[in-house]
Amino acid sequence: MPDSTSKTTVTDIPSEQPRRDERFHPQPIEEKWAAIWQSDPLLYAADPVTSARTKYYVLEMLPYPSGALHMGHVRNYAIGDALARYMWMRGYNVLHPMGWDAFGLPAENAALKNNTPPREWTLKNIAAMKQQMKRLGFSYDWSTEVTTCLPDYYRWNQWFFLKMHERGLAYRKKSKVNWCPECATVLANEQVVDGCCWRHEETKVEQRELEQWFLRITDYVPELLADLDKLEHWPERVRTMQRNWIGRSDGANVDFKLEGTAGPAGDKITVFTTRIDTIYGATSIQLAPQHPLVTDLMKRNPALEIDVAKLTDEQRKAKEAGELGAIEKHGVKTGAFAINPFNQERVPIWIANYVLMDYGTGAIMSVPAHDERDYDFAKKYDLEVRIVVLPRRTEEPPEAGDAEENILPFTSEESLLINSGDFNGMSNREAIAAMTRFAEEHGFGKATTTYRMKDWGVSRQRYWGTPIPMLYCEKCGIVPVPEDQLPVLLPEKIDITQQGGSPLANVPEFVNATCPKCGGKARRETDTMDTFVDSSWYFYRYTSAKLATAPFDSDKANYWFPIDQYIGGVEHAILHLIYSRFWTKVMRDMGLIKNSEPAQRLFTQGMVIKDGAKMSKNRGNVVSPDDMIAKFGADSTRMYSLFAAPPDRDLDWQEQGVEGVHRFLGRVYRFVVKHAQPQHPEWTGKVPAQLSPEARAIQRKLHQTIAKITHDFDGRWHFNTSIAAVMELVNELYGAESAIALGAIPITLLADVQRKLILLLAPFAPYLGAELWSVLGETSVLLKEPWPQFDPALAKEDEIEIPVQVNGKLRSRISVPADSSEEFVRNAAFADEKVKAAMAGKEVVKVIVVPGKLVNIVVK
RNA sequence: GCGAGAGUGGCGGAAUUGGCAGACGCACCAGACUUAGGAUCUGGCGGGUAACACCGUGGGGGUUCGAGUCCCCCCUUUCGCACCA
């Protein structure tokens, strides 16, 4: 241990001060136990899959090795660790692993800054953070540690990539991509936030045209969406975010024939609409500026070119600014027409900057009367607004000349079609079904589902990532690296540059290769994989971390999966959690696993904030875990992060709060040190059935506390109230000091309550638990001790206080035996002097007796 | 604009099904122990009153014997989504 973490030690206290109380110094205690625990590498190892115990896989999201843990990590891991320890004590076979999401850009940036190779920098950070985790006492099985930047891990990324390529799930295409000039690389759509890079919130993302590798996540979109409904133990918030991200939209594609001669782009325009029922109100067609037909139209009408360039430019700028939603709508009339297949009407074709090529078909029918955007556009360019749907408030068609702005039903559920030929009189819903059927029958349309989600672009023009195992042969074209040549190793010696393009392209030894098909010259793919590939399946690797012949052993994975409890930040609600669901489904289809979803339960903890704001270096409100450990110890730091707020809410870090927890642990420590008498002949004896009232009170509180905490673990996870309950128990014990001094508490009970108190505390404060367990004369490993059972009979109150209300207002409290009859409680209430006074001279109308809760007397 | 949370003492937060509002902790106040206290122990601590009464869970209505909790309307706030056709 570094000296900096032990500001105070036992030896600081001069021994010639005998009057001084036994003080609580966590540092030496924690360091002692940390050393003991580290000497036993199997302490937290799970049983083999043949175990007779029920499996429980508890997992916290693995960190990026930035160099130091922050409080968010501590909170995340404190929750997982408490759960893991509890499940161990409940007798489960617990898998509780940890690893490192170790590829990524910061390593390259650090390399530029400090002239340290990314690998060295990363491994150094991992070592430092692992040390912090050990100091915090987290119960990880380090024998299953996974580090994604090491070849024994990333070779399986490559293997999966090849398998996906075989299955047609990995493909290469030229496309518009999001480019972060700061990162000098491509970003996935999921990594663009408000038009800016997720890593550089100030940097606008540019659009570039590049050849990229994609994973066909869209093949799995219907299942990814449908299975969200089965994830009932995931937060609704996360499921909603994923639903929005997937963005399912049910509608129809409808073909509008082009008037005149067809060009290379065909003789029709296919539009996607969710409101086919409004098609009789379509008064124009709007094309995205990039629509293939636009080229044909420009040939016919070269004057368009300037306008189209302008529209394209406006759209690109708006997209880069993240303000696509606020774009000033512009369009240009092409002079061409298309035919509405429902009524054979000639409809003018426009090109508009608010129509996007990458959604639907890149062409829409514009219905100004029933779509706000179309309406704005129509007003601007003076296009016809034709009402075809009315709210169903009357069977009558609208009078000609009705003020259109007032009655425009942009969306209306209970509605009536008008001006729509044979479909007049139908409701909205009926019309959508009938008109889609009509279009299908006549061959000009089809029911279609469109998704907002796109395929996952995984190419990155960076060095510190998994090399994509592909070759480009002059003769054979794209050739996958044969499986037996994996891993494609990342070269160690490399100049990192911030220039555009892949750094690997500058390493001839890497780039130049032989084609495995023809033996001729080939060039290696120099892009690396998005680091989200690494984290998409890492939790499977934990089940067989050292396996050299496969990504994991399917039998082991099938034993451990799905993860019983996954815990992490809500910031991963979309990226990581959707990619890893996709990966799981692909692996299932490959026959590697049986589960379709990675995690049974997901818990997203709240953020740790300080002074009402997120901790950040800029704000200067960062609290370092190391400082907290040095001041108050790991137990107090961890326990405070569980005590200060329910785990799903944001937590405002207050150092005085940590001090309070530290004070509490000191109280526990002093009590046990004072009252432990393991050498006493009756120490391990049975608690007598008959107890004095004082002893009975302690016993009752103990069993109530066990019940409360067990209940919290099995249910709501409100550890703040669990810890409060332990505090109450300890307060009760301090309150009994004089009774103990008088010998009114049997030594057997005193032993029992202390043992169970330590067991209850163990998931939250493992160091103090271990220390006091040995103070009590126990030699077993606390973690493997059974969780205390509560006896409802012992937890029951003998006498209870019942509030008595008169007309709903509290007037008195009566004390009655806990099992009193309703009659008895009622009579006791009426006999109470204060109640009598409140009722004086009034007539009793009604008496409500809630057994064990309260009495309410209604008088008049 | 749409969707999901949240709003309770000076502060963090309790109140699992409608049943004593404020558990537990922090801060503060007082006392004890002490050469000393920033240690420890004990007590107090929503407003109000001499004490009662009374008033108090963002605001306004409602249901109920009884509402922080259920229903309706509104305000504030956090987060997510947002020309997605």
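The chains referred to below are lettered A, B, ... by the order of the sequence lines, with proteins before strands, and numbering in each begins at 1.
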If you check every side-chain atom of [X], which of [options] has the closest atom?
X: A:Tyr734; options: B:A85, B:C83, B:C41; result: B:C41
X: A:Ala644; options: B:G12, B:C41, B:C84; result: B:G12
X: A:Lys853; options: B:G19, B:A85, B:G12; result: B:G19
X: A:Pro646; options: B:C65, B:G3, B:G13; result: B:G13
X: A:Ala724; options: B:U17, B:A23, B:U40; result: B:A23

Quantified in whole Å, what is the [atom1] atom distance between nucleotide [N] and nucleotide [M]?
N: B:G80; M: B:G66; atom1: C1'; answer: 39 Å
N: B:G62; M: B:A53; atom1: C1'; answer: 28 Å
N: B:G22; M: B:G46; atom1: C1'; answer: 8 Å
N: B:U34; M: B:G44; atom1: P; answer: 24 Å
N: B:C73; M: B:C28; atom1: P; answer: 45 Å
N: B:C45; M: B:C26; atom1: C1'; answer: 13 Å
N: B:A6; M: B:U69; atom1: P; answer: 13 Å
N: B:C71; M: B:G7; atom1: P; answer: 15 Å

Using Watson-Crick or G-U wobble geometry with both distances below 3.5 Å, tell me the partner of [N], or none.
N: B:C84; result: none
N: B:C70; result: B:G62
N: B:C24; result: B:G12
N: B:G7; result: B:C75
N: B:G46; result: B:C55
N: B:G31; result: B:C41

Can you tell me how far [atom2] of [N] sits from [atom1] of [X], to the nearest Å?
X: A:Glu372; N: B:A82; atom1: CD; atom2: P; result: 17 Å
X: A:Gln286; N: B:C84; atom1: CD; atom2: C1'; result: 16 Å
X: A:Asp648; N: B:A4; atom1: CG; atom2: P; result: 18 Å
X: A:Arg826; N: B:G19; atom1: CZ; atom2: P; result: 22 Å
X: A:Phe272; N: B:C83; atom1: CZ; atom2: P; result: 16 Å
X: A:Met639; N: B:C26; atom1: CE; atom2: P; result: 12 Å
X: A:Glu843; N: B:C65; atom1: CD; atom2: P; result: 16 Å
X: A:Ile802; N: B:G19; atom1: CD1; atom2: P; result: 15 Å

Exercise for the section: Anything under 30° is parallel, anything over 60° is perpendicular, the rest tilted; go ahead and classify A:Phe603 against A:Trp717. Expected result: tilted

Please tell me if [X] has a side-chain N or O lying less than 4.0 Å from either OP1 or OP2 of [N].
X: A:Asn720; N: B:A14; answer: yes
X: A:Arg649; N: B:A14; answer: yes
X: A:Asn353; N: B:C83; answer: no
X: A:Arg667; N: B:C41; answer: yes
X: A:Ser249; N: B:A85; answer: yes
X: A:Arg237; N: B:A6; answer: no
X: A:Arg243; N: B:C81; answer: no
X: A:Arg663; N: B:C24; answer: no

Could you tell me whether [X] contacts a base, only the sugar-phosphate backbone, or nothing, with contacts defined as non-hydrogen atoms closer than 4.0 Å?
X: A:Val858; answer: sugar-phosphate
X: A:Gln654; answer: sugar-phosphate
X: A:Arg452; answer: base
X: A:Asp650; answer: sugar-phosphate
X: A:Phe643; answer: base
X: A:Gln805; answer: base
X: A:Gly247; answer: nothing
X: A:Val367; answer: nothing

So that I can tick it off, tell me whether [Y] and [X] are bridged by a salt bridge, with the cut-off set at under 4.0 angstrom between side-chain N and carboxylate O.
X: A:Lys708; Y: A:Glu728; answer: no
X: A:Arg316; Y: A:Asp313; answer: yes
X: A:Glu328; Y: A:Lys380; answer: yes
X: A:Arg243; Y: A:Asp229; answer: yes
X: A:Lys631; Y: A:Glu655; answer: yes

Fill in the blank from the handout: Residue pair A:Lys809/A:Gly735 against RNA chain B: nearer the 5' end by closest nucleotide is A:Gly735

Exercise for the section: Please tell me which of A:Asn731 and A:Ile848 maps to the more 5' nucleotide of RNA chain B, matching each residue to the nucleotide holding its nearest heavy atom. Expected result: A:Asn731

Handout entry: Distance-only donor-acceptor test, A:His718 side-chain atoms vs B:U16 base atoms, 3.5 Å
Key = no

Practice task
Confirm from the modelled atom types if A:Asn244 and B:C81 form a donor-acceptor pair under 3.5 Å, side chain to base only.
Solution key: no

Would you check if the distance from the ring center of [X] to the ring center of [Y] is below 6.0 Å?
X: A:His662; Y: A:Phe24; answer: yes
X: A:Tyr640; Y: A:Trp653; answer: yes
X: A:Tyr734; Y: A:Phe671; answer: yes
X: A:Phe764; Y: A:Phe713; answer: yes

Side chains of residues 799-809 of chain A: which donor-acceptor pairs under 3.5 Å do they make with residues two or more places apart or in other chains?
unit_1, atom_1, unit_2, atom_2, d
A:Glu799, OE1, A:Ser815, OG, 3.0
A:Asn807, OD1, A:Val859, N, 2.9
A:Asn807, ND2, A:Val859, O, 3.4

Practice task
Tell me, please, whether A:Tyr354 has A:Lys329 positioned over its six-membered ring: NZ or CZ under 6.0 Å from the ring centre and within 45 degrees of its axis?
Solution key: yes

Practice task
Name the orientation of the base relative to the sugar in B:G9: syn if the glycosidic angle is within 90° of 0, else anti.
Solution key: syn

Practice task
If a protein heavy atom is under 4.0 Å from the base, mark B; if only from the sugar-phosphate, S; if neither, -; do that for nucleotides 48-53 of chain B going 5' to 3'.
Solution key: ------

